[in-house]
Amino acid sequence: MNTLVDLDVALEHFDPVIGLEVHVELSTATKMFSPAPNPAASLEDFAPNTAISPVCLGLPGSLPVVNAEAVRSSIALGLALGCEIRPTSRFARKNYFYPDLAKNYQISQFDEPIAHDGVVEVELDDQSVWSVEIERAHMEEDAGKLTHVGGDTGRIQGAEYSLVDYNRAGVPLVEIVTRPIAGAGEKAPQLARAYVQTIKDIVISLGVSQARMERGNLRCDANVSLMPKGASEWGTRTETKNVNSFRSIERAVIYEIRRQATLLMAGTPIVQETRHWHEDTGQTSPGRPKSDADDYRYFPEPDLLPVSPDPDWVEEIRQSLPETPSVRRRRLREAWQLAETDFRALINADLLDVVEETINQGTTAASAKKWWLGELSRIANDREVLATSLLSPAQVVELDSHISQGTINDKMAREVLLAMVDGEGTAAEIIDARGLAVVSDDGALRAAIDEALKAQPDVLEKIREGKVQAAGAIIGQVMKALGGQADAQRVRELILEQATQA
Amino acid sequence: MSEIHRLSALDLQGLLQSGEVSATEVTQAFMDRIAAVEPVLNAFVHINEGALAEAQKIDSARAQGENLPATAGLPLGVKDVLCTVGMPTTAGSRILEGWHPPYDATVVKKYRDAGMVALGKTNMDEFAMGSSTEHSAYGPTTNPWDTERVPGGSGGGSAAAVGAFEAPIALGSDTGGSIRQPAALTGTVGMKPTYGGVSRYGVIALASSLDQVGPVARSVADAALLHDVIAGHDPHDSTSIPDAWPSMLEAALRQGAEPDLRGVRLGRVTQLDTEGFQPGVRSRFAELLELASAHGAEIIDVDCPHFDYAVAAYYLILPAEASSNLAKYDSVRFGMRTTPANGQVTVEDVMAATREAGFGDEVKRRIILGTYALSAGYYDAYYGSAQQVRTLIQGDFQRAFEQVDALITPSAPTTAFKLGEQLDNPLTMYANDLTTIPANLAGVPGLSLPIGLAPEDGLPVGAQLMAPAFQDQRLYSVGAALEALMIQRDGSTLSALVPEPGQPRAGVVQ
């Protein structure tokens, strides 16, 4: 938009308060309340209306049955978010009419969410940690998907007709709601993004969801309001939907801060509404007016019994939880002592696990990083595959051991690596087959040095004068003469030795 | 032997098993009877065209020496609230006219597996909302005893069909009395099982926490026979009871042979036998209590004070749940679709136009009432309070069953009223369920059996027995005993006295 105030101007006048609702589609085999296959369990695409049952379609006479695996996943997720698990929780009907909602009510949880009062540690780019309070996490079912046909934008406005696909109807969801996050100031947009990334990491580490935002396995609604600096009452909030990537979350929050600031500074009140994020234009537009008094006429779901998980079972789930990703990352960062940019790069390239495994099997952190982030990533990019598909940690360890033993040098190791990737065998086999070995025999080296010196006799003189770098030319010659298999370090030592001797 | 269509289910079962009569003959006999009587009765909304073929299959299987279930070849009527593959399922509504479900209700699967042959779908008040079957979109059903009168509702079709010998047994559903009250008005037996005793999967829902499917028959033993076929746990229904049930038929037959009420404590609910009831109903009821007492039963007066609030609580809970259950009838996935004639046609317009055209007045009334009762700001005052009253009523039952083995009440405050008589006043209509509603609110089982004709009008009167939850078999044993004692006293069952529909009944009995 043309005349929105800049973000820093907005932040001078207002404190942003954000609230995030994340919906996670669980990857159980079947749906939340029906035996139909769960499309969110895999990366497959189902033809429309093929993953359905009478229950998903809300046919007369159909009844829901709770998916026990979904309850387990929800409990695990609640625990991983630091929540209390309710000893007994009920499902409730959320009643509203919309064609993607087969029964025209959604089975959800209202005043008895299965998990509540948790906290999630979110790490920002500058490594500061923010504690985000979780108000609740509850179980519910997803709605179907509408496709609007005939309009320009693919949205309902201007469409001729709509098609509805119920494959997604009934997919198990966990809805995670944060408490309002105040005081983040300029970090609010980044915090929003980082929070959702953290949720994704947690969910993936638990193995309860595919967690792909682009496939809708992870959806985020961002609530934003502005509080004038010095005021104590929160402003009116808007809810922004259709935010389909981490980057969009940050951009949408920034946009809403700017938009609301612009309005408020012009004396225009904010309308409490649901807004729609547009990735292409980088703006939000109004959806339907939202009121907290949207009357869903909640009442306890009479077709289902309360969920009362056995306390021993909950404890067993708690014991089986993996370390949270943020805690783990902190631990590894400490242990590895890599440059921050390198560590970040490993995280972003999804190489943390494989590097950890490589180190566990015997290399140093620096070596593991070097191979995975360096050569293997380069080869992977060229071939458009994942680095982890090229070699196993064990293979990298084997290769690395030959370097540390001095059998080969770095340059040769690169050649061996490539050969290993192409399946020619183990490092030892390749070194053998190709006759690669560092020439470390002093005699051979001295001979080569002498040869090289014949062509450049003044090098020794230069070195004596203090121009040690002159040795480089000789080293280069020797390397060339020995097909790159000289131990460059040793060659240099010998040259310097010779220089000082004569 | 009597005409086939006048035989009991138990007798028919025996003849079918022995081969004296074939399933085809039996089915044909009922089809003929239906053809003869339907024009006057309108008990069926759909006749099963495949019935004879199904019967023939049973006959050839039997001829080939296959091992068949005991009930193979027995025909039955099926209330149109149950999803049946191959026959339309309308719930008595225009909005589901011609809808063919793609799946069978669990109880339908059960009777199919039991080799039973559905004669057709029986008429009902729309979406089971009513006490007279006058709210059916397919015309009212008449009472075989007097075709100017109602058969009761919502399951008037099943009750009239069984009462008029169009079927030996039938399936009904009961949310506030829809099996028991029509049974009383038509001189038949109707039973509502303990909530959760019979699967609700495939039963078009009215009020999820109140609905139950149950048998309709002309004798307690026949009702028990059908009950055994349909009862049991269903993994598709989360509210269905996991435990196995004892045989209801055994319970009924034991007592039917040698009725013995010694040691049985029967509780007369004082709130449900009052001056507001028709005198003839009260006098027949009193005679029944005397009969029971004379044969060893101890009659104890029991006070259930919160029963006075039962109808009020019910008419908040039911509409609330129904308003949500009926939201699915929106033209989008199945059923009727009405496109408004004017202007912009959004999905909301089509949904609204369809529901306006497809639902009858009583359904609309209850949806509006229920939506209101659940609204923000009103939930606590209405739905919330009603559920609390429900707990109090459950408490009344618990205390009562500490003193007695079964409760006994009239099944309805009056005999069958005339068609059209109560249509103008919904509240009057609601009062018909006074005695039957408490059992649904508490989830306890209730059975209605015929106890005589009211002297002033010669129309059937029924009495209702109620037992603690899970004690359904007690109703069959006490019911069978009372039935046997009445046969001894009166010389025949009431159902044998029913006139040919359209004919005047035997006059007013003094």
Side-chain angles (χ1 to χ4, degrees), chain A residues 33-35 49 52-68 91-107 110-111 144 146 148 156-157 159-164 166 169 291-307, chain B residues 81-83 89 91 96 99 101-106 127 199-205 207-211 234-240 317 320-321 323-335 345-348 350-352 355 370-379 383-384 387:
Chain A
F33 298 113
S34 103
N49 291 310
I52 55 177
S53 74
V55 179
C56 315
L57 292 181
L59 293 187
S62 60
L63 291 174
V65 178
V66 178
N67 181 329
F91 288 99
R93 291 194 189 178
K94 180 179 183 183
N95 297 281
Y96 64 96
F97 284 80
Y98 209 57
D100 63 359
L101 196 63
K103 303 179 292 299
N104 287 316
Y105 61 85
Q106 178 196 35
I107 301 178
F110 176 53
D111 51 356
L146 286 167
H148 306 294
I156 193 171
Q157 288 83 351
E160 278 172 48
Y161 61 91
S162 304
L163 300 171
V164 57
Y166 292 103
S291 94
D292 275 334
D294 254 350
D295 191 0
Y296 294 116
R297 299 186 300 284
Y298 283 101
F299 68 101
E301 171 56 79
D303 287 329
L304 292 174
L305 302 180
V307 175
Chain B
V81 77
L82 290 161
C83 286
T89 300
L96 282 178
W99 180 59
Y103 77 106
D104 272 334
T106 297
F127 285 106
S199 168
R200 289 187 302 115
Y201 186 70
V203 183
I204 296 182
S208 313
S209 72
L210 302 168
D211 295 342
D234 182 13
H236 292 297
D237 175 357
S238 303
T239 61
S240 95
I317 293 171
E321 292 181 11
S323 70
S324 179
N325 284 332
L326 267 64
K328 56 174 60 72
Y329 304 98
D330 63 2
S331 87
V332 176
R333 288 159 301 284
F334 52 83
V345 175
T346 65
V347 69
E348 283 89 5
V350 175
M351 285 181 176
R355 291 162 70 82
T371 306
Y372 182 76
L374 289 174
S375 315
Y378 295 105
Y379 179 94
Y383 187 74
Q387 291 285 34

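What you see below is based on every heavy atom in this structure, not just the backbone, and it leaves out hydrogens, waters and symmetry mates. Note on naming: letters A, B, ... go to the chains in the order of the sequence lines (proteins, then strands), and numbering restarts at 1 for each one.
When heavy atoms are compared at a cutoff of 4.5 Å, A:Tyr161 does not approach chain B at all. Residue A:Pro35: no heavy atom, backbone or side chain, is found under 4.5 Å from chain B. Proximity to chain A (any heavy atom under 4.5 Å) is shown, for B:Asn325, by both the backbone and the side chain. Heavy atoms closer than 4.5 Å to chain A are found in both the backbone and the side chain of B:Thr371. Of the atoms belonging to B:Val203, it is backbone heavy atoms, and not side-chain ones, that fall under 4.5 Å from chain A. The contact between A:Tyr105 and chain B is made entirely by side chain atoms (from C-beta outward), counting heavy-atom distances below 4.5 Å. For chain B, the nearby part of A:Pro54 is the side chain; its heavy atoms alone come within less than 4.5 Å. In this structure, chain A has no heavy atom under 4.5 Å from any part of B:Tyr378. Only the backbone of B:Pro235 comes within contact range of chain A, with heavy atoms under 4.5 Å apart.
Side-chain atoms of B:Tyr103 do not come within 3.5 Å of backbone N or O of A:Ser53 as any donor-acceptor pair. Judged by distance alone, with hydrogens and angles left aside, the side-chain atoms of A:Asp295 form no donor-acceptor pair with the main-chain N or O of B:Ser375 at under 3.5 Å.
The two residues B:Tyr383 and A:Pro300 come nearest to each other via the heavy atoms CE2-CD, 4.4 Å. Taking all atoms of both residues into account, the shortest heavy-atom contact from B:Arg333 to A:Ala102 is NH2-O, 2.6 Å. Contact record, B:His236 with A:Leu63: O-CB, 3.6 Å, taken as the closest heavy-atom pair. Taking both residues in full, the closest heavy atoms of A:Arg93 and B:Ser324 are given as NH1-OG, 2.9 Å, listed atom of the first, atom of the second, then distance.
Using a 4.5 Å cut-off on side-chain heavy atoms (C-beta onward), B:Gln387 and A:Phe299 make no contact. Side-chain contact between A:Glu301 and B:Ser238 is absent, with no heavy-atom pair separated by less than 4.5 Å.
Under a cut-off of 6.0 angstrom, the local environment of OH in A:Tyr96 is crowded, with over 12 non-hydrogen atoms contributed by other residues, nucleotides or ligands.
To the nearest 0.5 Å, atoms NZ (B:Lys328) and CZ (A:Phe97) are separated by 10.5 Å.
Of the residues considered (A:Val65, A:Val164, A:Asp303), A:Asp303 shows the highest number of contacts with chain B, using heavy-atom pairs under 4.5 Å. In terms of heavy-atom pairs under 4.5 Å with chain B, the best-connected choice from A:Asn95, A:Leu59, A:Val55 is A:Leu59. When each of A:Leu57, A:Val66, A:Leu101 is checked for heavy-atom pairs under 4.5 Å with chain B, A:Leu57 comes out on top.
Residue A:Pro60 is tested with B:Thr89, B:Ile204, B:Val81, B:Leu326 for a side-chain contact (heavy atoms from CB on, under 4.5 Å); the sole match is B:Ile204.
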